[in-house]
Every structure is written in C-alpha cells, then in structure tokens.
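Every heavy atom of this structure was used, including side-chain atoms; hydrogens, water molecules and symmetry mates were not. Remember, it's 1-based here, ligands and their atoms both numbered in the order they're listed.
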Amino acid sequence: MGKETIAIIGRGIVGLTTGYRLLEKGYNVIFIDDSPYQSAASWNNAGLISPTYSALSPSIGTIKDISKWMFSKNSGIRISTSSFFKNLNWIWSYVRKSSLAMREEIMKLVYDMIKEAVEWYDMLSKKINFDFKKDGLIEVYLAKENFDKRVARLENYPKLGSFEIMDAKSVLELEPNLNKEIVGGIFYPEEASLDPRKLMLKLISYMRDSGVNFFEERALRFKLQGSRVSSLSTNKSEVKADFFVIATGAHKEIYKSLNLRVPVIAGRGYAVITDAKVELEHHISAGDYRISIAQLEEGNLKATGFLEFAGVRDEPRKECFDFLHEKLIQYIPNAKNCKVIETWLGSRPCTPDLMPIIDRIKDNLFINVGHCRVGVCLAPFSSRLLVELLEKGRHDYDLFSMRRFA
Ligand SMILES: Cc1cc2nc3c(=O)[nH]c(=O)nc-3n(C[C@H](O)[C@H](O)[C@H](O)COP(=O)(O)OP(=O)(O)OC[C@H]3O[C@@H](n4cnc5c(N)ncnc54)[C@H](O)[C@@H]3O)c2cc1C
C-alpha cells in the first residue's frame with residue numbers, strides 16, 4: 001500500500017479508530033477538528049463494551065411512546081418539543097424502522113460486532129493502557145414490576161451470549177455495596193468496560209508519536225471537481241488529501257457544501273462524576289432507569305444516562321444531573337454524602353434505525369457516522385469496514401449504506 005494521505009474530519013472514537021487502522025496500513029493520516037476533547041460524545045460516555053446487554057436492549061419506540069417522551073421530565077428517553085417539530089421526518093423514519101432492531105439477525109449482528117470490539121480493545125489495551133476491564137455487567141432492579149418485565153423480554157429474545165438471572169441475595173453476594181432492597185438482577189459475564197477519556201487521549205498521543213498530524217481547524221466546505229473532492233476549506237487553510245473521511249458524529253454543518261441530507265440527530269446523554277469512592281466489582285446498570293454506574297480507576301463513581309433528542313447546542317437541563325446524582329445514591333446507599341465534582345453532556349449521533357452509515361459518497365470521500373448509543377462498541381467494526389470500502393471499493397453490509405434512507 002502506498003503513502004496516500006487521508007484527511008479525517010472529527011477525532012471522536014469513530015475518527016480515531018478509523019485513523020488508527022489506516023495508520024497501521026501505512027497511510028499518511030491527518031485529523032481536522034478544532035473542538036475541545038470534552039465536546040465529543042466519545043469523551044465521557046459510560047465506556048461499556050457490552051455484546052449481550054446491547055444486543056438484547058434495543059431502543060425501540062412507537063408513536064405512543066414518542067408522545068409520552070415529549071411530556072415526561074425524567075424518563076430515560078425524552079424529545080424536546082422544538083426537536084420534535086424540527087425532526088418530523090427523522091421521527092417518522094424511526095417509527096417505521098423501529099421493528100428492525102428487534103429482528104433476530106440484527107440482534108445477532110449487533111452481538112457479533114461488539115464481541116469483535118471486546119477482542120480488539122483487549123488487544124489494543126496491551127499496547128496503550130486505557131483502563132480496559134473484563135469484569136462483566138450487573139443490571140439491577142429496585143421495582144419488581146420492572147424486573148419481571150425485563151426477564152420476560154429476555155426470555156423471548158434470541159439466545160445470544162451469556163447471562164444469568166439472579167435473585168437479590170445472589171446479586172448482593174456479587175456486589176455487596178448495592179442497595180439491600182434490590183429485587184434481583186441479571187449478570188452478563190462477557191461484558192467489558194473502559195475509560196473513554198483515557199482511550200481518546202492515549203489513541204491521540206500514540207498516533208501523534210507515530211507521525212500523525214492533528215490540525216486544530218474547523219472543516220467548512222468541500223471543493224468538488226466532478227465526482228471527486230479536490231480540497232477541503234477550513235477556517236484556517238485549504239486541505240489537500242487523496243481521500244477524506246467524515247467522522248463528525250452528530251454535527252452536520254459539513255454536509256451543506258455537498259448538498260447531502262444525512263439523517264443524523266443528536267441523542268444527548270448526561271454524566272456526573274462524584275467524589276464517592278465506594279467499591280464496585282462490576283459495571284452496574286440501574287435497570288429501572290437505564291442509568292449506568294461505573295467506577296473510575298481513581299475510585300470515583302460516575303453515573304451516565306438519558307437519551308434526549310434536542311439541539312447539539314441547547315443548554316443542558318440541570319434536573320438531569322440532579323437525577324443521576326440522586327439515583328447513584330439510591331442504588332449505592334454508602335455513597336449517600338457524595339458530591340458531584342464534574343458534569344458532562346454529550347451528543348450521540350443517531351440515525352432513525354440507530355445503525356451507523358458507513359459509505360462512500362464521492363469517489364474519494366467516505367462517511368462513518370451515526371453510531372448512536374453504542375459508538376465505542378461499534379467503532380472497531382465500522383472502522384474496519386470503512387478501510388475495506390476504501391481499499392476494495394465495497395463492503396458486504398447494505399444495511400449501513402446511505403441508500404437505505406432514500
Ligand atoms: C451519556 C452517554 C453514554 C454513552 N455510553 C456508551 C457506552 O457505554 N458504550 C458505547 O459504545 N457508546 C456509548 N455512548 C455513545 C458514544 O459515546 C457515541 O456513539 C460515540 O462517542 C460517537 O462517536 P463519534 O466519533 O461518532 O462522535 P463524537 O465523539 O461526537 O466526535 C465527533 C467529532 O467531530 C468533530 N467535528 C464535528 N464537525 C466538525 C467540523 N465541521 N470540523 C471539524 N471537526 C468537526 C467534533 O468536534 C467531535 O470531536 C454514550 C453516549 C453518551 C452521551
């Protein structure tokens with residue numbers, strides 16, 4: 001392979017894994033991104049790499065659910081009224097495609113893609129340390145009604161991966177610091193987790209040391225010559241490259257110069273990091289609210305949650321941070337006096353079928369966006385497919401094409 005230059009727009013996890021793979025193949029890689037690391041969805045997400053749990057927890061919704069999400073304040077999923085009217089096409093497409101996520105072959109594909117990620121991150125963590133752990137996940141419930149509903153669903157889903165349905169006593173033996181009033185839980189032994197901030201920083205510094213340039217510039221528009229991109233104008237320069245890859249997550253300004261409609265909207269999520277240092281052996285999912293609780297390497301507990309369809313630049317809602325804090329204490333009572341030391345909001349890039357778009361849109365322009373709730377999980381797979389598309393001119397997954405939204 002030659003030393004062609006590939007410019008990647010966006011250094012979130014999707015851009016970074018794509019860049020890493022291209023670097024390994026001998027390409028000359030450059031990145032264009034001028035935002036602080038913290039503004040990427042990849043910065044402070046839950047860091048869960050969860051083949052079984054993610055495959056068996058599809059985010060589906062009906063019109064009835066959507067109207068409920070518009071008016072509820074603290075439900076796990078919420079749509080702001082302005083976002084509802086701005087994204088009517090997206091919502092319509094989501095409702096039409098929502099049954100896709102329940103299809104057995106899709107669940108199996110999600111499982112396989114994330115299983116691949118567990119192996120890939122395991123391999124990568126031996127080269128660069130980002131607190132990768134294979135300790136499993138426990139999904140716990142405080143309300144019996146919610147637990148029974150979840151167990152009934154799991155029994156109807158295809159048999160994928162391994163999990164064990166446990167009574168409260170067995171869960172508490174595994175995780176003694178959980179609330180003693182839990183009614184039961186599900187243990188997923190195959191699930192892994194990592195610290196997403198460390199993953200980003202370590203990948204950037206590894207690539208920088210290997211000669212990759214990171215330009216602090218904002219990509220504004222592509223210049224076209226026939227069906228090829230001849231250059232990219234940024235706020236500071238004119239970037240020339242042999243190939244360009246768009247990995248801009250939920251941000252859409254870059255599509256204007258291409259006259260391209262990419263159906264990605266921001267599914268915002270919230271995180272709080274607290275000063276609680278109560279010991280946890282596993283990653284916890286507070287199943288009643290779909291909140292994730294993780295222990296950072298420094299010992300602090302972090303809670304993440306919510307899927308809120310609102311503008312990327314809309315103000316965060318303080319009540320979401322308060323809710324995460326309150327629920328963390330409810331599930332881990334020994335953290336009762338903890339204080340929030342950091343808050344964070346990130347925008348998941350969501351397509352209507354919650355699957356990424358991995359495609360070629362001009363002869364030398366590619367796109368890898370739309371990983372929604374599972375971008376860290378899917379990035380190793382989607383970056384592999386993107387490289388295949390770039391080198392061989394095709395990949396085998398029509399499911400990830402732009403055409404599916406035509
Ligand atoms: C609360 C929360 C919890 C989550 N938990 C998990 C989890 O446990 N597991 C999991 O797999 N996923 C999780 N996710 C989802 C995951 O974080 C995202 O799917 C993933 O980070 C998306 O990565 P990305 O690279 O596509 O986008 P981003 O990380 O947002 O990166 C996009 C980058 O593009 C840059 N950019 C945009 N436009 C331009 C432009 N014009 N010029 C230059 N640069 C530009 C931005 O500055 C940004 O740095 C979670 C998300 C949230 C919010």
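Between the side chains of Y121 and E116, no donor-acceptor pair is found at a separation under 3.5 Å. In summary, the side chains of T234 and R218 do not present any donor paired with an acceptor at a separation below 3.5 Å, with no hydrogens or angles considered. For the residue pair R221/S231, the side-chain donor-acceptor check at 3.5 Å is not satisfied. Between H325 and T274, the side chains place no donor N or O within less than 3.5 Å of an acceptor N or O (distance only, hydrogens not considered). At a cut-off of 3.5 Å, with distance as the only test, no side-chain donor of Y94 or D353 sits close to an acceptor on the other residue.
Atoms of ligand 1 found under 4.0 Å from any heavy atom of S35, numbered from 1 in the order shown, are 47 (O). Taking every heavy atom of G346 and a limit of under 4.0 angstrom, the matching atoms of ligand 1 come to 53 (C). Less than 4.0 angstrom separates some heavy atom of V14 from each of these atoms of ligand 1: 23 (O), 24 (P), 25 (O), 26 (O). Residue-ligand proximity, V374 to ligand 1, at heavy-atom distances under 4.0 Å covers atoms 10 (C), 11 (O), 12 (N). Set against the non-hydrogen atoms of G269, the atoms of ligand 1 under 4.0 Å away are 1 (C), 53 (C). Within the listing of ligand 1, atoms 33 (C), 34 (O), 35 (C) sit less than 4.0 angstrom from a heavy atom of G10. Atoms of ligand 1 lying under 4.0 Å from at least one heavy atom of V376, given by number and element, are 10 (C), 11 (O), 12 (N). For ligand 1, the atoms closer than 4.0 angstrom to any heavy atom of A40 are 28 (P), 29 (O), 30 (O), 31 (O), 49 (O).
Using cut-offs of 30° and 60° on the angle between ring planes, the pair F400 and F381 is perpendicular. Taking the six-membered ring where the residue is Trp, H395 and Y397 present tilted rings, their angle falling between 30° and 60°. The aromatic rings of F321 and Y270 lie perpendicular to each other, with more than 60° between the two planes, well past the 30° mark.
Atom 50 (C) of ligand 1 has N45 CB, 3.2 Å as its closest protein atom, hydrogens excluded (heavy atom only). Atom 13 (C) of ligand 1 has as its closest protein heavy atom R373 O, 3.1 Å. Here the heavy atom of the protein found nearest to atom 19 (O) of ligand 1 is C372 O, 2.7 Å. Looking from atom 52 (C) of ligand 1 to the surrounding protein, the closest heavy atom is R348 NE, 3.6 Å. The protein heavy atom nearest to atom 45 (C) of ligand 1 is R218 NH1, 3.6 Å. From the protein, the heavy atom lying nearest to atom 28 (P) of ligand 1 is A41 N, 3.6 Å. Of the protein's non-hydrogen atoms, L48 O, 3.0 Å is the one closest to atom 9 (N) of ligand 1. Looking only at protein heavy atoms, the nearest one to atom 29 (O) of ligand 1 is S42 OG, 2.5 Å.
Considering backbone and side-chain N/O atoms, W344 never comes within less than 3.5 Å of an N/O atom of ligand 1. Looking at I254 next to ligand 1, no N or O pair under 3.5 Å apart turns up. Considering backbone and side-chain atoms together, A250 places no N or O closer than 3.5 Å to any N or O of ligand 1. Any N or O atom pair closer than 3.5 Å counts here, and G267 shares no such pair with ligand 1. In terms of polar-atom proximity, defined here as any N/O pair under 3.5 Å, D33 does make such a contact with ligand 1.
When A46, G305, A219 are checked for heavy-atom proximity to atom 42 (N) of ligand 1, A219 turns out nearest. Compare P349, G249, G12 by their heavy atoms: the one nearest to atom 22 (C) of ligand 1 is in P349.
In this structure, I32 counts as a contact residue of ligand 1, since one of its heavy atoms falls inside 4.0 Å of the ligand. Using a non-hydrogen distance threshold of 4.0 Å, A271 does not register as a contact of ligand 1. Residue contact check for ligand 1: F306 places no non-hydrogen atom closer than 4.0 Å to it.
Heavy atoms from other residues, nucleotides or ligands lying under 6.0 Å from NZ of K133 number more than 12. Other residues, nucleotides and ligands place more than 12 heavy atoms under 6.0 Å from the NZ atom of K277. Atom CD of E298 sits in a crowded spot, with more than 12 heavy atoms from other residues, nucleotides or ligands closer than 6.0 Å. Within 6.0 Å of CD on Q38 lie more than 12 heavy atoms contributed by other residues, nucleotides or ligands. When the shell of 6.0 Å around CD of E279 is examined, it contains 12 or fewer heavy atoms from other residues, nucleotides or ligands.
Less than 6.0 angstrom separates the ring centroid of W120 from the ring centroid of Y20. No close placement of the Y53 and F163 rings is indicated, their centers lying 6.0 Å or farther apart. Aromatic ring centres of Y141 and Y289 lie farther apart than the 6.0 Å criterion allows.
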Under the side-chain hydrogen bond (donor to acceptor under 3.5 Å, both in side chains) rule, what do S57 and R150 come out as? Steps first, then yes or no, please. CA-CA 9 Å; S57 309; R150 175 63 170 156; 3.0 Å; yes
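Residue A247 touches ligand 1 through its backbone alone, judged by heavy-atom distances below 4.0 Å. Contacts between W43 and ligand 1, counted as non-hydrogen atom pairs separated by less than 4.0 Å, are absent for every part of the residue. With a heavy-atom cut-off of 4.0 Å, L345 does not touch ligand 1 at all.
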